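Report on the following structure.
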Amino acid sequence: MSLTELAAGDIAKAASFASRQLAVLSEESRNDALIALHDALRENKSAILEANARDLQVAKESVEGGSLSHSVLKRLDLSRPGKYDDMLQGILSVKNLKDPIGNVIKRTQLDDGLTLDKVACPIGVLLIIFEARPEVIANIAALSIKSGNAAILKGGKESTESFVTISKVISEAISHTHVPPSSVQLVRTRAAVSDLLAQDSLIDLVIPRGSNELVRFVKDNTKIPVLGHADGLCSAYVHLDADPKIAVRVIVDSKTDYPAACNALETLLVHEDVLKSVLPLIAKALIAKGVVLRCDAPSKAALLEDLTSTEKKLLQDASEADYDTEFLDLTLAIKTIPSHSPLQDVETAMAHISSHSSKHTDIIVTKSETVANMFMKGVDSAGVFWNASTRFADGMRYGFGTEVGISTNKIHSRGPVGLDGLTIYKYLIRGSGHGAGDYYDGPGGKQYKHQGLQIL
């Protein structure tokens with residue numbers, strides 16, 4: 001699995017060869033590899049957590065020194081309750097999903113004895129570059145093997161010990177299966193990344209998972225298609241008819257369930273008519289969780305009338321920059337939506353989101369289906385929810401087993417990217433000596449049928 005001594009071209013060639021072998025490997029063989037991978041990670045949990053603890057110790061020192069953020073530290077921690085078990089369950093969930101390879105998406109009869117199939121197939125070779133999140137290694141290995149893709153992995157320096165230990169476990173596990181060893185390769189040196197980004201003839205897709213700077217660097221330094229997102233600037237709009245209980249529950253969960261995640265809430269838009277009714281309830285619940293509220297003038301004025309002196313300590317004045325900030329922590333920006341007419345106010349909220357959102361996930365809290373549908377149709381994000389937490393934007397929660405990342409691009413895959421997002425399609429024609437030159441208008445020419453056929 002570790003081929004850092006090889007040149008980038010050799011690594012990419014090995015991955016390309018492995019991807020062709022994976023593409024024709026049976027589902028049973030690929031599933032057997034996932035079982036082996038799961039069992040090996042379960043049996044080596046103690047060693048992996050010990051390695052992760054070494055990474056955490058170094059990371060904590062970096063946080064204290066100001067060179068690393070608290071959000072990265074949280075993402076790095078594999079010992080967080082349920083995180084390791086979720087990683088293991090994700091592998092089994094992927095194994096139990098329907099085989100994504102070879103599914104006929106569409107079948108057309110071009111003529112008698114001449115059929116056209118649109119069939120799902122692997123993308124080929126994936127280059128995944130990520131920061132922190134050591135569980136990504138297991139997630140991507142599982143998704144790649146199941147979808148018939150080869151993967152080249154480069155982790156951040158903050159997760160080196162975890163990364164190396166997990167990779168060794170995975171390498172040993174798949175070496176006893178029919179999956180080619182070069183299907184999952186580890187790259188340790190940062191210098192190799194630039195060389196790999198130049199392998200556009202061998203690598204089919206790059207998936208960066210990490211900071212805005214990482215994503216921008218990748219997009220600016222490769223001709224290979226890039227799947228990913230730079231920021232998770234998720235917003236929620238509380239409409240004038242919002243149910244107070246639903247609003248509190250949804251907003252608090254969106255912000256505090258896991259603040260360091262890219263699907264955590266960063267901006268709260270509140271209709272002017274509920275500044276003194278619903279907003280104080282939301283604010284009190286958030287403050288009880290330790291959330292700092294950066295408010296515009298109308299929302300702050302409303303809260304100052306209702307909060308206790310202790311609660312008021314967590315109120316701050318918002319700047320315009322706050323509405324473009326991914327805090328990844330217990331800080332939330334609040335902005336008031338002026339009252340004009342219900343539909344115009346929704347348009348105002350959508351206009352704010354359009355100007356500031358990263359097109360990740362945005363939500364609305366309202367009783368009106370008409371208003372909700374307007375919002376869900378009008379907001380151009382990968383996920384748009386009604387009366388539900390932004391935290392549902394997740395491959396596991398969508399039923400994908402796990403995810404390789406989240407895409408805000410408008411390409412073949414958008415939102416949490418699971419198995420389907422790691423497949424593309426090809427066209428297969430089956431004939432019996434047919435020639436395209438036989439089809440033309442005029443005497444003796446044949447005509448196409450172009451008849452859709454049922455897929456059994």
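Small disclaimer: the values here were computed from a predicted structure and weren't measured.
Remark: Ile101 engages Arg30, Asp99, Pro122 in a side-chain contact (heavy atoms from CB on, under 4.5 Å) (not counting sequence neighbours). With sequence neighbours left out, Arg42 forms a salt bridge (Lys or Arg N to Asp or Glu O under 4.0 Å) with Asp39. Not counting sequence neighbours, Asp324 has no partner by the salt bridge (Lys or Arg N to Asp or Glu O under 4.0 Å) test. With sequence neighbours excluded, the residues that form a side-chain contact (heavy atoms from CB on, under 4.5 Å) with Glu28 are Ser26, Asp32. Taking Glu172 as the reference, nothing meets the salt bridge (Lys or Arg N to Asp or Glu O under 4.0 Å) condition, with sequence neighbours excluded. Partners of Leu330 under the side-chain contact (heavy atoms from CB on, under 4.5 Å) rule, at least two apart in sequence or in another chain, are Thr256, Pro259, Val291. With sequence neighbours excluded, no residue satisfies salt bridge (Lys or Arg N to Asp or Glu O under 4.0 Å) with Arg249.
Ring centroid separation for the pair Phe375 and His239 does not come in under the 6.0 Å cut-off. Aromatic ring centres of Tyr448 and Tyr440 lie farther apart than the 6.0 Å criterion allows.
His178 NE2: 12 or fewer foreign heavy atoms inside a 6.0 Å radius. In the displayed structure, Glu369 atom CD is contacted under 6.0 Å by at most 12 heavy atoms of other residues, nucleotides or ligands. Residue Lys446 places its NZ atom among more than 12 non-hydrogen atoms of other residues, nucleotides or ligands, all under 6.0 Å distant. Counting non-hydrogen atoms of other residues, nucleotides and ligands closer than 6.0 Å to OH of Tyr258 gives a total above 12.
Applying the side-chain hydrogen bond (donor to acceptor under 3.5 Å, both in side chains) test to pairs two or more places apart or on separate chains, those with a residue in residues 426-437 are Asp117-Arg430. Applying the salt bridge (charged side-chain N to carboxylate O under 4.0 Å, His left out) rule to pairs touching residues 338-367 yields Lys359-Asp380, sequence neighbours excluded. Every pair tested for salt bridge (charged side-chain N to carboxylate O under 4.0 Å, His left out) that includes a residue from residues 232-248 fails, sequence neighbours excluded, so the list is empty. Residues in residues 148-162 take part in these salt bridge (charged side-chain N to carboxylate O under 4.0 Å, His left out) pairs, two or more places apart or across chains: Arg54-Glu161.
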Quiz item: What do the steps show when you test Ser357 against Ser235 for side chain to side chain donor-acceptor pair (under 3.5 Å), and what is the final call?
Solution: CA-CA 7 Å; Ser357 172; Ser235 298; 5.7 Å; no

Quiz item: Does the pair His352 and Tyr323 meet the rule for a ring-ring contact (aromatic ring centres under 6.0 Å, His included), with working shown?
Solution: CA-CA 9 Å; His352 174 94; Tyr323 303 116; 5.6 Å; yes

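Looking at heavy atoms from C-beta onward, Leu328 lies in side-chain contact with Glu266 at the 4.5 angstrom threshold. In this structure, Thr115 and Thr108 have side chains that are not in contact, with every pair of non-hydrogen atoms separated by 4.5 Å or more. Contact annotation: the side chain of Leu422 approaches that of Ile207 to within less than 4.5 Å [non-hydrogen atoms, C-beta and beyond]. Residues Leu202 and Lys13 form a side-chain contact, since some pair of their non-hydrogen atoms from C-beta on lies under 4.5 Å apart. With contacts defined as side-chain heavy-atom distances shorter than 4.5 Å, the pair Val270/Ile337 does not qualify.
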Throw together a table of side-chain donor-acceptor distances under 3.5 angstrom for residues 449-456, partners on residues two or more places apart or in other chains.
residue: Lys449; atom: NZ; partner: Asp112; partner atom: OD1; Å: 2.4
residue: Lys449; atom: NZ; partner: Asp112; partner atom: OD2; Å: 3.4

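Minimum heavy-atom separation, Arg133 to Ala261: NH2-CA, 4.4 Å.
The existence of a salt bridge linking Asp77 and Lys83 is excluded, since no basic side-chain nitrogen approaches an acidic carboxylate oxygen closer than 4.0 Å.
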